[in-house]
Visitor: 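Here it is, the structure in full.
Here is the naming used below: chain letters follow the sequence lines, and residue numbers restart at 1 for every chain. Nothing here was measured: the structure is a model prediction, and the numbers come from that model.
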2 protein chains.
Amino acid sequence: MVRKSGGTPRREASLSRERIVDASIKLLDASGEAGLTFRALSERLATGPGAIYWHVADKIDLMTAACDAIVERTMADIVPGTDPRGAIRAVALGIFDAMAAHPWIGSALTMAPGQLPAVRILERLGQSVVALGVPEERQWATVSALLSYILGVGGQNAANMQFARAKDIHRQAFLAEVAATWSALDADAFPFTRAIAERMSTHDDREDFLTGIDLILAGITSP
Amino acid sequence: MVRKSGGTPRREASLSRERIVDASIKLLDASGEAGLTFRALSERLATGPGAIYWHVADKIDLMTAACDAIVERTMADIVPGTDPRGAIRAVALGIFDAMAAHPWIGSALTMAPGQLPAVRILERLGQSVVALGVPEERQWATVSALLSYILGVGGQNAANMQFARAKDIHRQAFLAEVAATWSALDADAFPFTRAIAERMSTHDDREDFLTGIDLILAGITSP
DNA sequence: ACCTGAACACCGTTCAAGT
DNA sequence: ACCTGAACACCGTTCAAGT
């Protein structure tokens with residue numbers, strides 16, 4: 001193995017951006033956004049907090065890199081079908097599932113606007129939108145709408161999980177709590193919210209998410 | 001004025017949840033999410049950090065209350081037209097404009113899922129969706145899609161502003177920077193992103209936002 | 001009932017000093 | 001070139017003590 005920096009091979013335990021990012025993902029998966037601290041990270045890597053700053057600019061850089069690793073894998077796993085509509089759905093669902101497995105990427109994606117992770121999604125959506133025949137002048141608004149929707153759902157998901165984790169309850173219990181709060185709202189001011197609260201538990205998040213994508217897709221191809 | 005807690009009228013300078021929320025909004029508007037600290041707040045209110053905790057549960061409670069004050073005003077300012085489609089657009093645009101004036105509500109809205117500020121928006125959208133004739137079993141998914149999209153745009157907006165503020169540049173300069181980064185991406189891997197980067201500066205955020213709303217609206221009413 | 005302000009238990013980040 | 005770890009400048013939150 002040839003390295004331009006010299007002939008000495010690295011010790012396996014030496015620090016590297018990749019090792020730091022891997023450890024960060026483990027920390028984030030295990031205990032959420034609050035679990036990633038430079039102290040916890042340096043302890044896990046048997047080093048000092050300062051050492052990490054040699055490989056990483058700051059915490060946002062670190063979270064963005066961790067998020068990008070997940071998004072890159074997710075995009076790679078999606079087989080590129082020929083149908084653009086199916087491709088858009090596949091990308092959206094891929095991100096949704098990745099966010100279910102790693103809720104913290106929801107906030108990481110919004111924290112780093114215009115950065116690589118979001119751009120990977122944008123690119124995939126964009127290629128499909130072009131293939132769908134959307135005229136050039138409407139392409140940006142269309143892709144941007146799809147991305148905003150996906151990131152919006154992701155942000156909500158991340159917030160829900162964080163809330164639930166903070167109160168040490170599960171997602172299901174959290175939703176039940178929200179439904180209870182909504183049912184107790186003023187009947188005159190919040191008739192819709194009260195009505196929907198009772199029906200909320202029946203719904204599947206993943207299905208609802210896809211319905212939203214289909215709504216936008218239908219809008220794209222409608223006159 | 002009769003108060004059930006007793007006959008002594010309050011000094012005008014005494015602390016109250018309302019005064020704390022007002023001061024928080026001023027702090028948030030002036031210096032963003034990072035500007036709201038219990039120390040800065042207590043200094044502005046000429047008191048100690050601990051005093052604030054008598055009126056407010058924690059920082060999330062405080063940000064939610066501040067956000068709710070803005071959302072409540074915004075909703076009150078929207079004249080309820082008879083056309084449900086127009087009402088949905090008006091609510092969406094109202095929130096968009098409020099987020100332009102107070103970028104921090106973007107993150108406040110996602111931070112407090114299921115809380116009052118988001119529910120106010122949900123309720124308004126919901127009533128219009130019902131008026132639009134969407135069948136009951138599709139109402140939740142429809143409203144949820146609209147809300148996710150709106151919150152998604154808001155989150156992006158908030159992040160953009162935060163990024164720009166941290167680098168001490170304006171929104172325009174930030175977007176130019178993003179465009180430059182995108183133009184420098186690999187041509188084989190990111191053809192769409194590169195192409196769109198050149199056209200991005202021409203677009204108006206507010207118009208793009210409304211296009212997204214119209215896309216979803218078109219999807220709702222399409223077969 | 002409401003306020004004070006010191007103290008606690010953390011953060012991210014920096015930087016002289018080492019190898 | 002890369003790592004160490006103490007130190008800096010903050011945070012949100014708590015709580016005994018006051019009025």
Side-chain angles (χ1 to χ4, degrees), chain A residues 2-21 23-24 27-28 31-66 104 107-108 111-112 162-163 165-167, chain B residues 2-21 23-24 27-28 31-66 104 107-108 111-112 162-163 165-167:
Chain A
V2 183
R3 307 194 132 271
K4 63 172 161 188
S5 54
T8 29
R10 294 197 175 167
R11 287 173 301 136
E12 203 186 44
S14 89
L15 231 45
S16 69
R17 197 169 216 267
E18 204 196 345
R19 279 194 65 220
I20 292 171
V21 168
S24 299
L27 233 30
L28 287 161
S31 29
E33 210 177 322
L36 179 66
T37 68
F38 280 82
R39 272 159 251 262
L41 191 56
S42 58
E43 195 181 346
R44 195 183 245 274
L45 292 165
T47 178
I52 294 164
Y53 279 90
W54 185 261
H55 302 273
V56 144
D58 52 29
K59 195 174 179 182
I60 290 183
D61 181 32
L62 183 54
M63 285 217 51
T64 306
W104 50 271
S107 42
M111 268 170 51
Q162 218 161 306
F163 233 68
R165 196 197 291 273
K167 307 183 84 181
Chain B
V2 184
R3 304 192 134 271
K4 63 173 159 187
S5 53
T8 29
R10 291 199 175 167
R11 288 175 299 136
E12 203 186 43
S14 89
L15 232 45
S16 69
R17 197 170 216 266
E18 204 196 344
R19 280 194 65 219
I20 293 171
V21 168
S24 299
L27 233 30
L28 287 161
S31 29
E33 211 178 320
L36 180 65
T37 68
F38 280 82
R39 272 160 250 262
L41 190 58
S42 58
E43 197 180 346
R44 194 182 246 274
L45 292 165
T47 179
I52 294 164
Y53 279 90
W54 184 262
H55 303 273
V56 144
D58 51 30
K59 193 174 181 182
I60 290 183
D61 181 32
L62 183 54
M63 285 216 53
T64 305
W104 50 271
S107 42
M111 267 171 51
Q162 218 161 307
F163 233 69
R165 196 198 291 275
K167 307 182 84 181

Visitor: Can you tell me how far CH2 of A:Trp54 sits from CD1 of A:Ile20, rounded to the nearest 0.5 angstrom?
Guide: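 Answer rounded to 0.5 Å: 12.0 Å.
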Visitor: Mind calculating the distance between NE2 (B:His55) and C1' (C:dC3) to the nearest angstrom?
Guide: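 My rounded result for the distance is 8 Å.
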Visitor: On a heavy-atom basis, which atom in B:Val21 and which in B:Ala65 lie closest, and how many Å separate them?
Guide: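 The pair with the smallest heavy-atom distance is CG2-CB, 3.8 Å.
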Visitor: How is the base pairing of DNA chain C summarised as a dot-bracket string, given the Watson-Crick and G-U wobble criteria with both distances under 3.5 Å, [ ] for crossing and | for another strand?
Guide: ||.|||||...|||||.||
Visitor: Take atom P in D:dC2 and the same atom in C:dA17, then report the distance between them in whole Å.
Guide: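 Result for the P pair: 22 Å, nearest Å.
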Visitor: Please tell me which of the listed nucleotides, C:dC3, D:dC2, C:dG12, lies nearest to the side chain of A:Tyr53?
Guide: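 The nucleotide sitting nearest to the side chain is C:dG12.
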Visitor: Considering only nitrogen or oxygen atoms on both sides, find all protein atoms under 3.5 Å from nucleotides 5-11 of chain D and state each distance.
Guide:
| unit_1 | atom_1 | unit_2 | atom_2 | d |
| --- | --- | --- | --- | --- |
| D:dG5 | O6 | A:Gly50 | N | 3.4 |

Visitor: Rounded to whole angstroms, how far apart are CZ on B:Arg17 and C1' on C:dA1?
Guide: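 Result: 17 Å.
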Visitor: Quick one: salt bridge (Lys or Arg N to Asp or Glu O under 4.0 Å) pairs with a partner in residues 46-63 of chain B, sequence neighbours left out?
Guide: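 Every salt bridge (Lys or Arg N to Asp or Glu O under 4.0 Å) pair that includes a residue of residues 46-63 of chain B, provided the two are not neighbours, is B:Arg17-B:Asp61.
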Visitor: I need the CG-C1' distance between B:Leu41 and C:dC3, as an integer number of Å.
Guide: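 Rounding to the nearest Å, CG of B:Leu41 and C1' of C:dC3 are 15 Å apart.
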Visitor: So, taking the atom named CG in B:Leu45 and the one named OG in B:Ser24, what distance separates them when rounded to the nearest 0.5 Å?
Guide: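 If we round to the nearest 0.5 Å, B:Leu45:CG and B:Ser24:OG are 7.5 Å apart.
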Visitor: Using 0.5 Å steps for rounding, measure from the CG atom of A:Leu28 to the CG atom of A:Leu36.
Guide: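 If we round to the nearest 0.5 Å, A:Leu28:CG and A:Leu36:CG are 4.5 Å apart.
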Visitor: Applying side-chain contact (heavy atoms from CB on, under 4.5 Å), name anything that partners B:Ser42, two or more places apart in sequence or on another chain.
Guide: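 With neighbours one apart ignored, the set is B:Thr47, B:Pro49, B:Ile52.
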Visitor: Within the structure, does a side-chain N or O atom of A:Trp54 lie under 4.0 Å from either OP1 or OP2 of D:dC3?
Guide: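 Answer no for this pair, as no side-chain N or O of A:Trp54 is under 4.0 Å from OP1 or OP2.
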Visitor: Without decimals, in angstroms, what is the distance between B:Met111 CE and D:dG12 C1'?
Guide: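 It works out to 12 Å between those atoms.
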Visitor: Can you name the residues that form a side chain to side chain donor-acceptor pair (under 3.5 Å) with B:Gln162, not counting sequence neighbours?
Guide: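 With neighbours one apart ignored, the set is empty.
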Visitor: Which whole-number value in Å describes the distance from A:Ile52 CD1 to C:dT14 P?
Guide: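 One finds 14 Å between P of C:dT14 and CD1 of A:Ile52, rounded.
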Visitor: Give the minimum heavy-atom separation between A:Phe163 and B:Met111, together with the two atoms involved.
Guide: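 Closest pair (atom of A:Phe163, atom of B:Met111, distance): CE1-O, 3.6 Å.
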Visitor: Which salt bridge (Lys or Arg N to Asp or Glu O under 4.0 Å) pairs, counting each pair once, include a residue from residues 31-48 of chain B, with sequence neighbours left out?
Guide: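 For residues 31-48 of chain B, and leaving out neighbouring residues, there are no salt bridge (Lys or Arg N to Asp or Glu O under 4.0 Å) pairs at all.
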